[in-house]
**Student:** 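The structure that follows is given in the form of structure tokens.
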Number of protein chains: 2
Amino acid sequence: MGRKRTKSGKIRLAEVAELAGVSPITASRFFRNPEALSVAKRARVESAAKELGYVPNLAARALASQRTEVIGVLIPSLTNNVFSDVLRGIYDASEGSRYSIQLSNTRYSILQEEKLLRIFLAQKPAGLIVTGIDQTAESRTMLEAADCPIVQIMEIGPNPVDMMIGFSHYDAARAAIAHLFAQGRRKIGFVGARMDPRVQRRLDGYVSAMKEAGLFEQRLVVTTATPTSVTLGGALFTDLLAREPGIDAVFCANDDLALGVLFECRRREIAVPEQIAIVGFNDLEFMASAVPTLTSVRTNRYEMGNTAATMLIEAIDGRRPEQPVLDLGFKVIERQSSSSRRSDSRPALSGAGTANKMIALPSSHD
Amino acid sequence: MGRKRTKSGKIRLAEVAELAGVSPITASRFFRNPEALSVAKRARVESAAKELGYVPNLAARALASQRTEVIGVLIPSLTNNVFSDVLRGIYDASEGSRYSIQLSNTRYSILQEEKLLRIFLAQKPAGLIVTGIDQTAESRTMLEAADCPIVQIMEIGPNPVDMMIGFSHYDAARAAIAHLFAQGRRKIGFVGARMDPRVQRRLDGYVSAMKEAGLFEQRLVVTTATPTSVTLGGALFTDLLAREPGIDAVFCANDDLALGVLFECRRREIAVPEQIAIVGFNDLEFMASAVPTLTSVRTNRYEMGNTAATMLIEAIDGRRPEQPVLDLGFKVIERQSSSSRRSDSRPALSGAGTANKMIALPSSHD
DNA sequence: AGGAACGTTGACAGCGCTACCAGCACCGAC
DNA sequence: GTCGGTGCTGGTAGCGCTGTCAACGTTCCT
């Protein structure tokens, strides 16, 4: 009737309250803390809201409450498969919660990250997820001064800003090399692209393992700042072969490179694993399907994103985790590409099928 | 001194105005329409804002102006490589503009899409990007009633809601089949997963091309609703072979499946392309690197996202494009996996290198 | 019976910004 | 000299919601 309406005809909380026969503030409480209402009023407000199709105005809520329900996420790349999985975990965890995700791409630049952080923080996010542990000093200061929970993801390191979830890329690389040693490989090359901090730590792990075995040689390492790709894997491997034709294994900083190395081997008619073993990193879905199947280091990417967002939301709601730093670990998934020379010189048909079953990863869904 | 401050110590527009010696409203105008100010005041406000480190409160702005600076993006998947590229294009276009991206995942469900749409629209987004042309009737109604520009992406169809950018999946599939016909292939299988509307239209294109040639047989088509993967490509191909051992080509609805088919061929020692030709769809980076290199239908994913966001922002700012429907086309990239039987029975070493250079796609960056 | 404690509710006063409109000075045209 | 136009500026009044605090009725304890 004479009911006041916003020009656009939107339903406001006041309308809901009027229909429910309560004050606006009571209706407001229904949405934030239903338990505070009596059962009768709760039902009345609920049905009134449903009847009118009420949707809260987030801008008004943010302005009045001096905080937003936005979780900021800073990741270095949108195309990297690794981050797709992490993101999916984050988005899945945010659904059903009242928080929404605001995503920004730092493009592997900590300066860009600092800039984005400043913008995010100005909007008072409810929480923040940042990638890695290599922020600028300025970023670090801002993060520590921020009055919202923060999760650092992708790796584990000392001095967490707040919470931290990831794994040790250094240890993972060492485990991969240990695996190759166990298979009798000695002259192991390293192939890496992009060389972001995490790839760098994988290289560090490789170097330390090789040095411990007295096998390290600088010319076994081929890296580039160029973004990774399958094609690049072949090119870097070609470089590696030119420098050191006698290698008997290649540890690739990621699976795309490993696939490129595999294709290059096929092109050069180098037998895998007989002549050269290949180990990748991340255990993307295709690794179990390749011929031969490719060994990789499995990382829990989906779980990392999902747990990070879940922990963050819990912390925002005042339930801080008992364990603020979580190591999700890794696992070397041994497949044909790095098996000992003596066993199956030709991969058995059934081998692939078995391997496929072994790696039914959550990250292969969706 | 006695200056009023918000509890958190944040600088407000009023502080900037005071320092600049102008009214708050004038300061406000500086940020929205600087040309409306005299040069002198413009400079005063600018330096005052910089001095105080003023950052506008977006919630207050949204509440007062009754509109947000958020572009809503609805995509069906976060993990699919195709959408990573599109998203990257969208995010790149949004940087430098004053609009921020709000992303939601419909998980290939138009019901979920409808629900998300309702939420988005309630927040009065500045613009909207939605995937595909198969919205529910309800969604369609909401979109048409929305008072913001809208871009439908990924494909072209009749009756655009507003703007539209994509290509014909039907025609693209027909072109792929025509290519295979030209190579002398006749018994061409179709392998598809997920079977979302766009994959369905690729199937339709395949069926129509095959029927025109009098070659269509239902048993040549193997599909599943399961999400796509490389492993699945091998499995579906195995099914296809069981049904029709005499096939001489496989058209895969995407590149992951094509890679799986290639690996399965290798496992079964089926020569590609001599016995069976393989054609994929999307032309992901690895296709040019595989052995043999894999033919695919190149689609302009990054450009699609980038152009969509650019057009949208232009439209929001009142500059509607002269051409609201944009067909970005596709291109069949012919490679070794579908070459005629007579030529190179063993792929030449140099072939791969050449192919690599041919496919320096923008989508392989980052 | 009196009072404290609890659960529940409502009034008030903004959150920081912008839409709207009025007002001012200045100009040229009549 | 008056008028209307133009360019710039400021005052007023919210946008829709929530924090704070007071007040209410009821229950339970002493």
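Chain naming here is simple, since letters A, B, ... match the order of the sequence lines and numbering starts at 1 in each. Only a predicted model underlies this, so the values are computations on that prediction, with no experimental measurement involved.
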**Student:** Got a sec, which pairs hit salt bridge (charged side-chain N to carboxylate O under 4.0 Å, His left out) with one end in residues 131-160 of chain B, sequence neighbours left out?
**Tutor:** Arg118(B)-Glu138(B), Asp134(B)-Arg201(B), Arg140(B)-Glu144(B), Glu155(B)-Arg198(B), Glu155(B)-Arg201(B)
**Student:** Does a side-chain N-to-carboxylate-O contact under 4.0 Å join Arg107(B) and Glu113(B)?
**Tutor:** no
**Student:** For nucleotides 6-9 of chain C, give me every protein contact, N/O to N/O, under 3.5 Å, one pair per line with atom names.
**Tutor:**
{"from": "dT9(C)", "atom 1": "OP1", "to": "Ser38(A)", "atom 2": "OG", "distance (Å)": "2.9"}
{"from": "dT9(C)", "atom 1": "OP2", "to": "Ser38(A)", "atom 2": "N", "distance (Å)": "3.1"}

**Student:** Within the 4.0 Å heavy-atom criterion, would you say Arg42(A) contacts the bases, only the backbone, or no part of the nucleic acid?
**Tutor:** nothing
**Student:** Residues in salt bridge (charged side-chain N to carboxylate O under 4.0 Å, His left out) with Glu51(A), at least two apart?
**Tutor:** none
**Student:** For residues 32-46 of chain A, which residue pairs pass the side-chain hydrogen bond (donor to acceptor under 3.5 Å, both in side chains) check, not counting sequence neighbours?
**Tutor:** Ser28(A)-Arg32(A)
**Student:** Report yes if some heavy atom in the side chain of Arg29(B) is under 4.5 Å from a heavy atom in the side chain of Leu37(B); otherwise report no.
**Tutor:** yes
**Student:** Distance check needed: dG16(D) P versus Glu18(A) CD, whole Å only.
**Tutor:** 15 Å
**Student:** Just N and O in the side chain of Gln66(B): are any of them under 4.0 Å from OP1 or OP2 of dG14(D)?
**Tutor:** no
**Student:** Short of 4.0 Å, heavy atom to strand atom, which residues of residues 54-62 of chain A count as contacting DNA chain D?
**Tutor:** Tyr54(A), Pro56(A), Asn57(A), Ala60(A), Arg61(A)
**Student:** Can you check whether Ser65(B) has a side-chain N or O nearer than 4.0 Å to OP1 or OP2 of dC17(C)?
**Tutor:** no
**Student:** For a 4.5 angstrom cut-off between non-hydrogen side-chain atoms, does Tyr91(A) reach Leu87(A)?
**Tutor:** yes
**Student:** Tell me whether Gln152(A) contacts the main-chain N or O of Val161(A) through its side chain, where contact means a donor paired with an acceptor under 3.5 Å.
**Tutor:** yes
**Student:** Rounded to the nearest Å, what distance is computed from the CZ atom of residue Arg32(A) to the C1' atom of nucleotide dT20(D)?
**Tutor:** 11 Å
**Student:** Taking CD1 from Ile11(A) and P from dC17(D), how many angstroms apart are they, rounded to a whole number?
**Tutor:** 11 Å
**Student:** Are any of Ser28(A)'s side-chain N or O atoms less than 4.0 Å away from OP1 or OP2 of dT18(D)?
**Tutor:** yes
**Student:** Write out all pairs satisfying ring pair (Phe, Tyr, Trp, His ring centres under 6.0 Å) with one or both partners inside residues 31-76 of chain A, taking only residues at least two apart or from two chains.
**Tutor:** Phe31(A)-Tyr54(A)
